[in-house]
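All of these numbers come straight from a predicted model, not from anything done at the bench. Residue numbers start from 1 in every chain, and the chains themselves are labelled A, B, ... in the order their sequence lines are given, proteins ahead of strands. All values below come from the heavy atoms of this structure, side chains included, with hydrogens, waters and symmetry mates left out.
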Amino acid sequence: MRRVSTDMPNDDMQYRMRRNEAALSSMQSKMASQTRIKELRDDPLAAAHAVRYESYLARLDRFEGNALYARDHFKTADGYLRQAQDVMQRVRELAVQGANGTYAAEDLRYMGVEVNELLKELVSTANAIGPDGKRLFAGDKAFTEPFRIIEGSAAGASETIVTAVEYQGSGGSRRTEVSEGAYSELDIGGGEAFWAEKMQIFSSVDATDWRAAESAAFFVDGVRVDLSAGDTLPAVVAKINDSAAPVKAYVDPVTRGIALEGTSAHLIRLEDARGSSALKELGILKTVSDPSAPAWNATARVSGGSAFDMVLRLRDALYRGDSETAGGQALAGIDLALDNLGSRLAEVGSRQERAEMTWKRVNEAIPDVTANLARESSLDFTKAATDLGMLEFAHKATLQTAAKIIQPTLLDFLR
Amino acid sequence: MQSTFAGIELGKRAVVAHQQALATTGHNLSNASTEGYSRQRVEFSPFEPIYLPGLNREETAGQIGQGTVVERIERVRDELLDRRIVAQSNGEGYWDTRDKYVLMLERLYNEPADVSIRGRMDAFWDSWQELSVHPADSAPRKAVIERGKTLVDAIHERYAGVKGLRDMAEEDIQGTVKRVNDLSRGIAGLNEEIQKIRAQGDNPNDLYDRRDLLVEKLASIIDVTTDGRDPDEFVVHTAGFVLVQGRSAREFGLQSGIDTEGYSRIVWKDSGEAAHFAGGSLASLVELRDETLRTELQSLDSMTMNFSDLVNDAHRPGSGANGKTGLDFFVDRPFVTNVAGNYDRNGDGAYDSSYVFRISGSNSLEERAQIGLEGIMKLSGSDGDVEVPYYPTDTVADVVARINDAGAEVVARLDREGRLSLKGTPSADPANPDFVIRHLEDSGRFLEGYAGVLLGRGEEGAYDWAKADAVLSLRGGALDFAVAPVAHPSGWIELNPELVKDPSSIAAGYGQNGKPANPGNGEAALAIASLRNGAVMVGKLDTFDDYFADAVARVGLMGEQSDRSLETQNLIMKQLRDMRDSISGVNIDEELSQMIKYQHGYAAAARFVTTMDEMLDTIINRMGA
């Protein structure tokens, strides 16, 4: 354009200055907030990545916390289980002593008294409360005392003594998420930790002609087993064996009823689903009004006791002066209990190790993800400072040029 | 023989002409900074010389010039460049308006920072994680309530923000339509005056300038073309229709209705037909209000609806520390309180549609099981039904993925118990309600017996919303469907007030076999926490992370596009305007030198008159004395 009107340089300068000022202001604000993305439009795709990383970081922080909590919880449980193991060791010593035929009945009775005290110690260890005020070995019944002592009078004792120890807790366990989609079981129930013998339940009801009613179901160790209408006993047995419960089922050849056996030493929990009565019909359970009382059918034979049952057996043998039982059945029972405690300790120990490893892994991932986030959304200060310097220089130059726009016109030269 | 006073007459003519030229130069100088002014130039032309051919002409050599007159006063203007500017202006107007609104929309997101909805949802999720580790405590429950409230507040804020923008756009539209009408009327008025002045043979330059200015202002609001071929009838066209023709201008009006959610539609006032604009700030406002911001609201609603539905689904079967069960976490406001979702859509007093948001099958499915069935499903889509085929070798997961990728307005997932759950999404057509499943049909047995959704195959067994009690054609009972929500869930979502009053009613665990949950059971809390990153189908996206990232990218890209486009348009218009300025702008030096020229001309003419006067003086006073 050869012809330049008077307004043109002014308009042009204003246009440039406005854009300079906008760029300066944007850069200054970015430096003040140390982020490269002041508005989403500055880098939309980096912003989309950045929000993912931010959320992921928040999740990693939580997983780290969860893993540490799990590890500490396992340590506490470990401590109490070891204590219980120590007590059981002492009981075993007493059993071995009592098996020695050289003691008199009086001495055996004194040993029985000590075993009684050790039993109470064992129960109080099993009923331990963790640092957060919840019972450690009650499954997910956080406030219920897992083992209830039942006292009564017995032959050969002057006062009421412990006659039975019942498990009141549940079989469930808390889980916590220690990594994306990965859960860690936190609790170990008293029905698993403090058991000694594999439970066996034999029904004496002949179930050859039994057929399941429609929509029957029952729970074995918390696992739901559904029966279809018309299922026979072999079908029930197959379903129990296929389920995830640690229980083996078979048809007893003698009674032709159902027989259940635990695959490891634990308390088998059986329950009919609401509206169904399959287990009652098969002769395993009976209807009870108190849900915490044992519901075994009177005709069913139930065997397999807890560690406390083993200790009670030893104590009663000692009270009776029966060194043969003390050294035989009772000692074997104590050994089984110790065995189980040992394996549960190993389980807790390995869970603790796993929680520790997960924590380490998450801990290392956090700075990596933070670096990713910084790469997407943080400001490169060196570059920003130099850019700002350039913009300021350009702005100054524009202003200086603007001052010269008020150029002399012909008017200045005409008289 | 010439007349005695011809010379003086000649001189007078010259003096007057130069005076007029000086006046025009002065006019140019005064208006050097007036907006829309184009410099005017006088055109001298010699006066009619004598003698014309005729019988009464003097017998002397001719023709004798008779001085000068101002032929016309022209403004210096490039008509083609003007038309170019008018055609291009609507681009700048469109992007200018759009950029402003999109920037405000971007700022509503508050990303990437932790005060956004996403940040609050992360905090909410964290509180559920805490509850899952300590399900028997009351402090984590209080944290759940507080974080839930903060999240709900953030959602309300965003809803209010987007709705506020929509309302702002509506006000803008109303104001702009008034402006358009004012401008059209102004142009028509000017046309009338110009016509009158032209009838007298004059050039109404300043009125032309004013009219061009009004047209330019109009051009940035709506897309217009001008036609000045007939100088007595200046026509302005827009969107294929005549807007201004000579003295008459057509006006726009506003009509509001239920189908546009109470917002106004722009119509031609005289015919009532809808007006559509292809460019300019008015078109931008309408697009923002009816498409961009509506999509934003739908996206927010979709996230809120799905989130609320999923959390409630996981919370309801759980039991709280006080044993209460069956409580929803978020308040549910159904579109109709009718249990079957029946609604009278056309207002004739009889139920004619079913508004159902979610339909669940009654059978538990295994993700990796091969279905062994064949058929074609028909699901409602944005225009007509979408066909989704399935084959015997597909797994259940394959079929679910195919439903989600089919582009229908129905999405599928397997819920906590493995049942097929079909949900309605926001609809693209404003005539259809959001979050309603409109059609489910299957020619094979997948939806019928396998998933347990429908009662029959083909068209007779199909579920269609266009009849009352459509839920009777579903296999499941009352537990297996959910009624659609009232419009805009993100506006009214609230925590269940029962839970706020008594936080110990918050369910952390699930009970078994109909019994309430044990105090140490945290399974419900874990289930709700797993929603944050599980594949839960938020509209057409897999997880909430996907949803947030997608929303941020979408708005950011809109902003980037409008920023760049506005920059481009600004530059284009600047160049065009600079060119026009170069042609029509006043250059003070030029005007001053013209002024000197005319001054000299004037002085010369005056001198001539004096000389002629002296000559006459000699004849009158000195001849024959």
Can you tell which part of [X] gets under 4.5 Å to a heavy atom of chain A, answering side chain, backbone, both or neither?
| X | answer |
| --- | --- |
| B/Ala553 | both |
| B/Ala517 | neither |
| B/Asp99 | both |
| B/Gln561 | neither |
| B/Ser562 | side chain |
| B/Asp546 | both |
| B/Arg564 | neither |
| B/Val133 | both |
| B/Leu131 | neither |

If the test is salt bridge (charged side-chain N to carboxylate O under 4.0 Å, His left out), which one of B/Glu111, B/Glu567, B/Glu106, B/Glu560 qualifies with A/Arg41?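 When salt bridge (charged side-chain N to carboxylate O under 4.0 Å, His left out) is applied between A/Arg41 and each of B/Glu111, B/Glu567, B/Glu106, B/Glu560, only B/Glu106 qualifies.
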[Y] backbone acceptor or donor facing [X] side chain under 3.5 Å:
| X | Y | value |
| --- | --- | --- |
| A/Thr6 | B/Ile588 | yes |
| A/Asp140 | B/Pro519 | no |
| B/Asn533 | A/Glu180 | no |

Hey, are A/Asp11 and B/Arg577 close enough for a salt bridge, meaning a charged N less than 4.0 Å from a carboxylate O?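 Looking at B/Arg577 together with A/Asp11, the answer is no, because their closest N to O distance does not fall below 4.0 Å.
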Carboxylate-amine/guanidinium contact B/Glu523 A/Arg174, below 4.0 Å: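 The answer is no: the pair does not qualify as a salt bridge.
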Partners passing side-chain contact (heavy atoms from CB on, under 4.5 Å) against A/Ser29 (at least two apart in sequence or in another chain):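 Per chain and number, A/Ser29 pairs via side-chain contact (heavy atoms from CB on, under 4.5 Å) with A/Lys38.
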Which residues pass the side-chain contact (heavy atoms from CB on, under 4.5 Å) test with A/Ser55, not counting sequence neighbours?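 Result, side-chain contact (heavy atoms from CB on, under 4.5 Å) vs A/Ser55: A/Arg59, B/Arg118, B/Asp122, B/Arg532, B/Asp545.
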In the structure I gave you, are the side-chain heavy atoms of [X] and [Y] within less than 4.5 Å of one another anywhere?
| X | Y | result |
| --- | --- | --- |
| A/Arg62 | B/Trp125 | yes |
| B/His134 | A/Tyr69 | yes |
| B/Leu103 | A/Glu39 | yes |
| B/Ser33 | A/Asp7 | yes |

Whether over 12 other heavy atoms sit under 6.0 Å from [X] [atom1]:
| X | atom1 | result |
| --- | --- | --- |
| A/Glu185 | CD | yes |
| A/Tyr56 | OH | no |
| A/Arg375 | CZ | yes |

When only pairs under 4.5 Å are counted, which of [options] shares the most heavy-atom pairs with chain B?
| options | value |
| --- | --- |
| A/Ser170, A/Gly222, A/Gly181 | A/Gly222 |
| A/Arg135, A/His73, A/Glu177 | A/Glu177 |
| A/Thr176, A/Asp42, A/Asp12 | A/Asp12 |

For A/Glu54 versus B/Pro112, what's the shortest heavy-atom pair and its separation?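 Taking every non-hydrogen atom into account, OE2-O, 3.5 Å.
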For chain A, which candidate among B/Val552, B/Asn513, B/Asn587 shows the most heavy-atom pairs at distances under 4.5 Å?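 Among B/Val552, B/Asn513, B/Asn587, the one with the most close pairs to chain A is B/Asn513.
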